[in-house]
> 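One structure coming up, written as structure tokens, with questions to follow.
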Amino acid sequence: MTRILITSALPYINGVKHLGNLVGSMLPADVYARFRRARGDETLFICATDEHGTPAELAALEAGQDVATYCREQHAIQKEIGKRFALSWDFFGRSSSVQNRELTQHFARVLWKRGHLDVRTTKQVYSHAEKRFLPDRYVIGSCPYCGYERARGDQCENCTRVLDPTDLIDPRSAVSGSGEIEIRESAHLFLKQSEFVEQLRAWIESHENDWPNLVLSIARKWLDEGLKDRGITRDLEWGIPVPDDIGDGKLKGKVFYVWFDAPIEYIGATKEWADAGGKGDAWRGWWYGEAAKDVRYYEFMGKDNIPFHTVGFPVTIMASGEPWKLVDRLKGANYINYDGGKFSTSQKRGVFMDTALELLPADYWRYYLMANMPESSDSNFTWEHFAGVVNKDLADVLGNFVNRITKFTAARFEGCVPGEGSYGAEETGLIVELDHRVAQYSAHLEQIEFRKALAELRAIWVAGNEYLTRAAPWTHIKSDRAKAAAGVRMGLNLVHLLGHLSWPVIPTAARAIHEAIQPAPKVIPWPGEPMAEFLDALEAGQQIHAPDVLFAKVTDEQVVEWKVRFGGETKP
RNA sequence: GGCAGCGUAGCUCAGUGGUAGAGCAGGGGAAUCAUAAUCCCUUGGUCGGGGGUUCAAAUCCCUCCGCUGCUACCA
């Protein structure tokens with residue numbers, strides 16, 4: 001049987017992630033992992049914090065901590081918040097782990113020995129104030145074309161021209177503002193990506209039919225523009241050191257570029273998982289050679305990460321000549337905007353994972369984000385839309401359905417599954433509809449089409465309400481108790497079904513729904529087929545429990561309050 | 001500047017050659033089990049503009065406009 005390996009793009013270490021980061025990678029990966037586990041597939045869901053690079057060092061500086069401490073603390077925070085969002089990682093590792101260091105150095109050594117790396121001298125901006133080299137975008141100055149005074153060294157935000165730091169007039173450090181900067185030469189290791197253009201293109205085209213358009217077009221664009229060799233080392237303190245046996249002694253004190261070691265951490269974190277669980281070489285069985293032949297590998301990420309997963313990481317693996325697993329299905333997401341603008345960590349604009357949970361439980365966000373995932377184009381978050389979806393879909397359609405049938409059972413059937421009466425034409429029709437809808441829902445999830453899947457899930461919730469209205473046990477109870485009983489029995493079986501089907505998306509609420517009927521296992525399995533059997537499975541006389549309100553509504557007052565608090569479109 | 005994606009009902013989005021769709025919002029009705037929650041019916045679009053191919057175009061081609069992103073040292 002096929003085993004399922006799932007990785008989510010690694011959240012960067014410099015602070016709590018916003019909803020845009022969540023919906024692009026971690027959340028869809030989690031929903032997919034839960035779906036696969038529910039279906040009974042052996043599944044491994046791996047994630048980690050991405051801890052290297054200049055922004056991490058600067059964030060630590062700003063926090064007044066050494067980088068190692070800063071990363072350790074931030075990792076713990078992100079892990080905690082992820083758990084509270086019910087992200088069901090099998091392991092949440094760290095790109096700064098020993099395991100990743102060993103693997104990254106292994107790849108670099110193999111690539112060096114095989115001649116796919118070479119040492120080149122580059123010119124870079126060095127700032128005396130910080131005593132460090134600055135990436136282009138950390139150098140600011142006046143744009144030589146439009147005069148904009150805060151143009152960055154890589155691009156002018158005002159006139160959008162692509163720049164080089166040496167183009168800037170009056171260049172200075174964006175960190176300290178110091179103008180004491182100079183261009184220095186520095187030796188770096190380059191990955192000869194250009195040698196792999198044909199191999200890479202063949203691989204990408206082999207996925208013509210099973211990768212989203214967005215992913216294919218971005219990957220092809222990089223190839224079509226001519227793949228350049230890429231520097232894979234940096235002059236930084238914090239990072240995975242380049243081993244002494246690479247680079248003929250010219251690379252002392254350098255570390256690998258974050259985008260070289262971050263994807264390798266997918267493998268590294270799997271090794272962290274195996275080491276932590278005493279599983280020995282099991283990590284290798286998910287990634288390497290014959291042992292991993294039965295593994296199907298899925299990656300989830302935002303569109304900004306696509307080049308690194310379609311070009312950089314695959315080239316690293318191809319260049320190693322070793323049989324590491326390449327991605328099979330790659331799901332790329334667009335961006336979600338906040339009230340018409342960007343989510344921004346630096347400007348504190350938008351909603352972040354920790355503050356989101358202060359407002360409402362994880363399931364509210366999970367459902368909204370998945371139902372409106374930016375799959376085909378960027379989508380837009382507004383508080384009104386969010387409140388509307390939560391109130392209508394979760395509170396009115398799903399919550400109220402569970403509530404009305406369980407309350408009715410408690411009031412009229414002593415809170416037990418009634419055994420009288422039998423299913424008739426109404427029930428048969430419903431079963432036919434649900435056989436179809438559940439199959440559709442399952443197929444959409446399997447194809448990683450989340451908007452369509454969630455629309456189908458919602459339609460299944462609606463079908464419950466439609467059925468109850470037609471069956472109208474509250475009417476029949478007055479004249480034909482057996483007929484009313486059959487309707488209630490079906491209603492309760494539907495609650496049972498919704499508890500199963502909703503679990504990948506809204507695990508906490510799904511558990512509460514399931515437990516209205518009976519205790520829920522840790523992984524709520526996919527409902528057995530056919531529906532005719534599943535929807536007649538509850539035993540007569542079984543006690544059920546009407547749950548408390550599953551979803552509270554978002555009030556207009558809350559919407560107003562949150563818009564102000566989170567700096568939405570209330571422009572002066 | 002180059003490249004890519006997007007532009008369909010008031011809103012959020014499906015729909016890739018064969019008589020324009022869904023959900024929400026709006027309008028009318030039914031029901032009274034339920035978190036005033038539900039269910040049924042319904043109004044609403046010259047598919048960004050223009051040109052072309054075709055018996056037939058939201059869909060293919062050209063062009064223009066708008067929005068967003070990427071442009072290799074942010075990650």
Side-chain angles (χ1 to χ4, degrees), chain A residues 9-14 21 50 52-56 58 122 124-125 133-139 145 152-155 159-162 164-165 188 193 213-214 216-218 220-222 224-231 234-235 257-259 262 302-308 311-312 334-335 337 340 342 371-372 374-382 384-385 388-389 391-397 399-412 449 451-452 455 458-459 462 464-475 477 484 487-488 491 546 548-553:
Chain A
L10 308 186
Y12 198 62
I13 196 69
N14 67 341
N21 301 128
D50 176 11
H52 298 136
T54 306
L58 295 178
T122 60
Q124 307 197 262
V125 176
F133 283 95
L134 294 174
D136 290 356
R137 72 163 42 196
Y138 285 98
V139 182
Y145 302 99
R152 293 191 319 224
D154 57 342
Q155 181 168 31
C159 67
T160 75
R161 274 197 178 78
V162 175
D164 192 89
H188 283 291
Q193 296 191 133
N213 232 358
L214 177 73
L216 286 168
S217 55
I218 290 177
R220 284 169 178 153
K221 185 201 135 200
W222 279 62
D224 293 345
E225 287 183 355
L227 204 52
K228 294 174 196 164
D229 298 337
R230 181 155 199 148
R234 293 290 182 273
D235 292 287
Y257 173 40
V258 54
W259 265 113
K303 63 180 165 184
D304 51 337
N305 283 341
I306 291 172
F308 301 102
V311 177
N334 284 283
Y335 292 145
N337 291 315
K342 274 194 250 187
N372 297 285
E375 282 182 302
S376 61
S377 63
D378 293 353
S379 70
N380 193 33
F381 176 93
T382 65
E384 288 83 358
H385 190 232
V389 168
N391 291 348
K392 186 70 185 173
D393 294 1
L394 293 180
D396 296 348
V397 174
N400 183 52
F401 171 74
V402 174
N403 190 249
R404 65 197 293 213
I405 185 63
T406 51
K407 288 268 173 68
F408 188 75
T409 305
R412 297 309 191 101
E449 298 268 8
R451 269 180 186 259
K452 287 177 183 170
R458 184 188 187 283
V462 168
N465 281 312
E466 290 172 356
Y467 168 76
L468 271 194
T469 299
R470 287 195 305 268
W474 49 86
T475 304
I477 191 92
V488 168
D548 293 332
V549 168
L550 287 165
F551 298 99
K553 291 205 192 189

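All chains are named by letter (A, B, ...) in the order of the sequence lines, taking the proteins before the strands, and each is independently numbered beginning at 1.
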> Across all strands shown, which nucleotide pairs with B/rA4 by Watson-Crick or G-U wobble geometry, both distances under 3.5 Å?
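With both distances under 3.5 Å, B/rA4 matches B/rU68.
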
> Does A/Arg458 put a side-chain nitrogen or oxygen below 4.0 Å from OP1 or OP2 of B/rC24?
yes

> Please determine whether a side-chain nitrogen or oxygen atom of A/Arg137 lies at a distance below 4.0 Å from atom OP1 or OP2 of B/rC74.
yes

> A/Tyr12 OH to B/rA75 P: how many Å, rounded?
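So the two atoms are 6 Å apart, to the nearest Å.
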
> Check whether the side chain of A/Asn400 and the base of B/rA34 form a donor-acceptor pair under 3.5 Å.
yes

> Please measure how far the C1' atom in B/rA22 lies from the corresponding atom in B/rG15, and state the result in whole Å.
10 Å

> So, does the side chain of A/Glu466 form a donor-acceptor pair with the base of B/rU38 at under 3.5 Å?
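There is none.
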
> Suppose we define a pair by two distances each less than 3.5 Å, Watson-Crick or G-U wobble; what does B/rC60 pair with here?
B/rG52

> Under 4.0 Å between a side-chain N/O of A/Tyr257 and OP1 or OP2 of B/rA75, yes or no?
yes

> Think A/Lys407 has a side-chain N or O under 4.0 angstrom from the OP1 or OP2 of B/rU35?
yes

> For A/Asp393 and B/rA25, what is the distance between atoms CG and P respectively, to the nearest whole Å?
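In whole Å, B/rA25 P lies 10 Å from A/Asp393 CG.
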
> Is any side-chain nitrogen or oxygen of A/Arg470 closer than 4.0 Å to OP1 or OP2 of B/rA31?
no

> When you match A/Lys228 and A/Lys221 each to their closest nucleotide on RNA chain B, which lands nearer the 5' end?
A/Lys221

> State whether A/Lys553 places a side-chain N or O below 4.0 Å from either non-bridging phosphate oxygen (OP1 or OP2) of B/rA37.
yes

> Taking pairing as Watson-Crick or G-U wobble with both contacts under 3.5 Å, can you name the mate of B/rC47, or confirm there isn't one?
none

